[in-house]
Every structure is written in structure tokens, then in C-alpha cells.
Amino acid sequence: MIVEHIRFSLLVGMIGLVGMASARAASPDPQALLAKMDSAFVELSYDGVFSYFSGNDLATLRIVHKVVDGVQRERLVHLNGAPREIIRHGDDVACIVMPGDDLLALEDSIPAGPFARAFVRQFERLSNSYLVDYFGDGRIAGREALRIGVNPLDGHRYGYRLWLDKATSLLLRSELVDQDGNKLEIFQFTQLLIGDTVSEAALEGKDVSGSMVSHLRLENSGDAALGDNSGADREPHKTEWSTTWLPPGFEMATADIRRKPAHSVTNLVYTDGLAAFSIFIEPMPSHGAASMVSQNGATVALTHRASGEDGYHLVTLVGEIPLATAHQIIKSVRQNVL
Amino acid sequence: MSEQLRESMSAAMDNEADAFELRRVLDEASVDSNLREKWHRLHLMRDILREEVKTYDPGLREAVWQGLLNDPHGVEDDDEFLTVAPEHHANKGASPWLGRITGIAVAVTAAVLVVFNGGVFDDEGSSLDVAGGEPFVTPGQTINLERGDGELAPVMYQQATDADLHRQYGFMLRHIQQRAMNQNGLTSFVKMATFRQPGQVNPVPNRPVPDIPVPDINVPNTHAPDQSAPQSE
């Protein structure tokens with residue numbers, strides 16, 4: 001009801017703004033600009049250095065992106081500490097790290113295998129949960145920018161402030177903000193080159209002696225263990241595990257099960273078109289487990305238990321959503337009788 | 001109230017009750033409505049103080065605080081069976097309940113839920129302490145409960161072990177990777193490339209770090225003669 005009211009007020013407001021809008025007729029609908037931003041990521045060639053602040057840490061990275069022979073290629077290099085690179089070649093993503101890196105150690109502890117296809121970002125659904133609007137101009141890395149605010153309509157999700165390059169719609173800066181306006185994550189280019197002068201050689205990974213490579217890939221539709229929700233069929237299928245409560249606007253994007261001899265993990269992914277969270281359900285370890293909460297920038301992780309038909313299970317929820325919302329969701333995880 | 005029950009109740013409050021003690025408390029609570037009522041009030045007060053109750057009269061929270069701070073005998077002054085450890089006294093004249101409800105409040109909740117749900121831990125999520133001050137790990141509560149059907153529920157530990165941390169960060173990474181693999185965007189893989197186990201600084205290996213050159217890039221409006229100017233179209 002509140003959402004409807006806001007939408008109505010918006011409509012009234014927009015009618016009032018029509019006169020003003022003609023003054024900036026050159027500016028497209030901000031939501032359309034978001035879609036343009038998304039295609040700029042894919043289509044443009046760019047090479048730049050940016051800062052990324054998340055949680056308590058500030059990192060500096062270099063990104064090189066170019067479409068070569070119709071294949072999207074990308075190289076992301078962490079410029080601080082032990083070398084880390086991520087090299088994307090179409091759907092194949094290789095992660096190059098030094099032995100002992102956290103990424104390798106943690107990957108060992110979770111079910112391996114391809115990632116489920118889940119259409120996490122759906123801009124057409126944004127207006128159900130967010131108000132997208134311009135909020136002035138800016139300048140980032142020496143480039144003129146348009147500022148767009150993506151403001152949540154309730155307290156169950158975070159907002160974004162985006163600085164898009166006026167010339168190309170490429171994202172120059174983004175801030176992920178909570179309800180109180182605190183910045184949880186900041187991304188910002190400090191140097192940027194856009195266009196065909198981006199060299200193909202810069203896409204090649206540096207041969208770091210002693211480094212290790214781990215590959216990530218998306219599953220083919222045939223891989224899905226438990227249905228495939230990526231097709232035209234948007235009907236929520238009945239899964240063994242589900243939630244009895246979801247924040248408004250969130251829908252299940254995918255559900256799959258990784259089976260291992262002694263261990264299977266159910267993974268559900270939900271999205272509101274922008275924010276997303278995952279729920280992992282596994283049998284309760286025989287030696288027990290701790291209820292715990294941890295946070296990394298805007299990403300929160302909660303582990304707790306849920307009682308199922310065949311005993312207790314351990315549920316872990318991870319997502320870029322407020323802790324209170326995550327808490328409410330994890331409490332509602334239930335096993336269904338299929 | 002028997003001495004045994006008091007001891008069991010006290011242990012339950014401190015999360016130190018074993019399965020037999022909890023059974024004793026549960027049995028007693030199932031027949032003593034006064035006992036249940038008392039736990040309920042404490043639970044409500046805790047929620048109000050922690051601002052978990054959204055609809056309450058303005059000033060109520062302050063009034064509860066005042067009541068706890070001013071009444072040396074506590075709002076439930078016949079609860080002598082509940083001993084309060086000295087470190088939980090926030091104020092000498094304050095109610096012994098103050099520490100219980102605020103500092104170690106979640107232990108109370110766990111016990112309350114046991115009592116009110118007749119032994120079946122329906123509202124398990126509430127035992128999660130989401131109000132912890134540590135930026136990363138908030139250890140959960142010890143809940144070692146016997147279910148109504150006599151089956152022993154699994155232990156939820158108070159302190160996270162290395163295995164617990166590893167599991168949770170592993171899932172965190174999996175979520176971040178899954179997101180990255182499924183969306184276009186500059187920032188898609190950034191979170192993954194910068195992901196560290198909380199509390200760990202990026203270790204620099206002993207071997208020499210190879211030179212990873214920073215691109216030589218001109219910012220617009222700065223045209224270095226030996227560089228092709230960046231294109232902005």
C-alpha cells in the first residue's frame with residue numbers, strides 16, 4: 001500500500017516535472033540509462049585503475065576490458081599485497097592466485113562445480129522496489145558524470161549512488177549506501193582510458209612464477225540438478241527448501257543441489273532485480289556448529305539451524321541486504337514435503 | 001520452588017544447563033503459569049530495550065530503563081534464584097535484571113523460548129545475537145535443548161570454531177562468485193578479487209613480488225605528446 005502511494009505521488013510529481021523535463025530532454029529516462037550502463041560494461045573497451053572500499057579495507061585494482069572477435073575478455077589485477085588476477089575469456093573465468101591464498105582455501109570447503117545461471121540483475125523489475133532518479137552532475141577521474149540515485153522504497157535493501165560517464169555511460173563511481181546514508185562499499189576510477197586504443201596485450205595475464213589457477217564456470221542448462229529457471233518459465237517451482245517470508249519484491253532466481261557422497265548442499269538464490277541473497281542448506285554436522293554472523297562490506301552472512309523432516313539442518317544466508325532483513329529471512333527457512 | 005529447580009533455572013539462564021536440568025525446567029514451566037508469565041515479561045522488556053519491538057508507546061523504553069536502573073531489588077524482586085555475576089552489574093543500585101536483559105540478554109531469550117514453546121524450539125532464529133559489537137564474528141548462543149519428543153537437539157556452540165568460520169566464509173565467497181558469474185558489470189569480480197577472510201591482511205609472500213605495471217593512462221584534458229589521447233566516445 002505504501003509502495004502504491006509512493007508510486008502515485010511519483011506519477012503526480014512526474015506530471016509536474018514534464019515542463020522541466022523538456023529543459024533536459026537530452027537526458028534519457030534514468031532507468032534506461034542503467035540498462036545503457038550495463039551494455040557499456042560489455043561492449044566498450046576500457047583500461048583503468050580504480051579504488052574499492054569495502055568494509056574496513058581499501059584496495060586498488062586495474063581493470064582491462066575489450067571485446068575481441070566477439071568474445072568478451074577482461075582482466076582484473078589486484079595491485080596490493082600478494083598477486084591476484086582474474087582473467088575472463090567469454091564464460092570462462094580464471095582466478096590466478098599465489099599458493100595459500102584465502103580464495104583457494106575457502107573454495108576447498110564448499111561444494112565445487114559450475115555456478116547456477118541466475119538472472120540476478122533485472123532492471124525492468126527495479127521500479128517495484130527502488131526509485132531511480134538523477135541527482136545532479138559530477139566529475140570522476142577527470143570525466144564529466146551524471147549522477148543517478150537508486151533509492152530503496154523500504155528498509156529491506158540497500159541503495160546505490162552511481163556516477164555514469166556522460167559520454168559513454170560507463171560507471172565511474174558507485175556507492176552502496178544503507179538506510180542511514182552510510183557508505184558500505186565505494187568503487188571509483190582514478191585513471192581511465194576508454195576506446196579502441198585499449199591494447200589487446202594488456203588482457204594477457206602476467207606469468208607469475210608459482211601461481212595457481214582456479215577456473216570458474218557457469219553451468220550449461222543440462223547441468224542443473226533441480227530444474228532450470230532461466231528459461232521463459234518464470235513460475236516458481238516447488239523446491240525442497242523455501243522461505244515462508246521474503247521481503248517484498250524478492251523472488252527465487254535459481255535453486256540447485258550439489259550432491260556429494262556424504263554431503264549435499266542446497267543453494268537457493270533470490271533477487272529483487274538488483275540486490276541478491278543466497279541460502280545454503282546442508283545437514284547439521286554431527287559435531288554441531290556455531291550460530292554466527294559475519295560481515296564484509298555490504299555482504300552479510302548468517303549461519304543458524306533449521307529443523308527439517310529428517311532432523312536438523314544448518315542454514316547459511318549470504319547477501320547484500322540489511323542484517324535485520326537477513327535475520328528475518330533465515331528464521332523463515334522451511335523444508336517442504338514434496 | 002525447589003532448590004534443584006532454582007539451580008536448574010539459573011543454569012538455564014547462564015546457558016550452562018545440561019539436558020536433564022532443562023527437562024526439569026521445562027516440566028516445571030509446563031505447570032506453573034506464574035513462572036511462564038514472568039519469563040514473558042522479561043522477554044518483552046528485553047525486546048523493548050533492544051528496540052526490537054516496533055510498536056510501543058514512546059517513552060516506554062526509557063521507563064523500563066529507569067525502572068531497572070533505580071530499583072535495587074529489581075522489577076521481579078522475588079527472583080532470588082537468579083544470581084547475577086558481578087560483571088553484569090552496570091550500576092551498583094541497578095536491578096540485577098539489568099545485566100540479564102541487556103548484556104546477556106540473548107541467553108534469557110533462549111531460555112524464554114524454550115519455556116514458552118513447550119520445549120520445541122520454534123523460533124530458533126531469535127537466539128541469534130545480531131546485536132554483537134564485533135565487526136565480523138558474533139558468536140552465537142549455546143543452545144543445548146531437549147526437544148519435546150525427547151530427541152536431543154544438536155548443539156549450537158557459543159564460540160565459532162575454525163571450521164565454523166571456514167564454512168561461513170566459504171559460503172560467502174560462493175555467493176560473491178555466483179553473483180559475479182551472473183551479472184555484467186565493472187564491479188562484478190571486484191568483490192571476489194578483494195575477498196579476504198575477515199581479520200586477515202593480504203599476506204605478501206616471501207618470494208619477490210613480480211612487477212605488475214600500472215597502465216600509463218592519460219586523464220582527459222591532459223594530452224601527453226607520446227600517448228594517443230584517450231577517446232571518450
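Order of the sequence lines sets the chain letters (A, B, ...), proteins ahead of strands, with each chain counted from 1.
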Quick one: which of A/Leu61, A/Thr299, A/Val300, A/Val42 has the most heavy-atom pairs under 4.5 Å with chain B, could you say? A/Thr299
Among A/Gly319, A/Ser39, A/Ser286, A/Ser199, single out the residue with the greatest number of heavy-atom pairs under 4.5 Å to chain B.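 Of the options given, most contacts go to A/Gly319.
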Interchain contact, [X] with chain B, by part (heavy-atom threshold 4.5 Å):
| X | value |
| --- | --- |
| A/Ala59 | side chain |
| A/Gln328 | neither |
| A/Asn267 | side chain |

Atom [atom1] in [X], atom [atom2] in [Y]: separation rounded to 0.5 Å?
| X | Y | atom1 | atom2 | value |
| --- | --- | --- | --- | --- |
| A/Ser278 | B/Ile176 | OG | CD1 | 9.5 Å |
| B/Phe189 | A/Arg75 | CZ | CZ | 15.5 Å |
| B/Arg196 | A/Asn296 | CZ | CG | 10.5 Å |
| B/Gln168 | A/Phe280 | CD | CZ | 11.0 Å |
| A/Leu103 | B/Met192 | CG | CE | 6.0 Å |

Whether the side chain of [X] engages the backbone of [Y] through a donor-acceptor N/O pair (distance < 3.5 Å, no angle test) should be reported.
| X | Y | result |
| --- | --- | --- |
| B/Asp164 | A/Ala290 | yes |
| B/Gln177 | A/Leu216 | no |
| A/Arg84 | B/Phe195 | yes |

Taking all non-hydrogen atoms of both residues, which atom of [X] and which atom of [Y] are closest, and how far apart?
| X | Y | answer |
| --- | --- | --- |
| B/Met181 | A/Phe115 | CG-CD1, 3.9 Å |
| B/Met172 | A/Ala301 | CE-CB, 3.8 Å |
| B/Tyr169 | A/Leu106 | CB-CD2, 3.7 Å |

Please walk me through it: do B/Leu165 and A/Met292 pass side chain to side chain contact (heavy atoms under 4.5 Å, CB included)? CA-CA 9 Å; B/Leu165 297 172; A/Met292 57 181 286; 3.3 Å; yes
Are side-chain heavy atoms of A/Leu314 and B/Arg167 found at a separation under 4.5 Å?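 SC-SC contact between A/Leu314 and B/Arg167 confirmed.
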Evaluation steps, side chain to side chain contact (heavy atoms under 4.5 Å, CB included), between B/Lys191 and A/Phe187: CA-CA 10 Å; B/Lys191 188 120 190 174; A/Phe187 159 93; over 6 Å; no
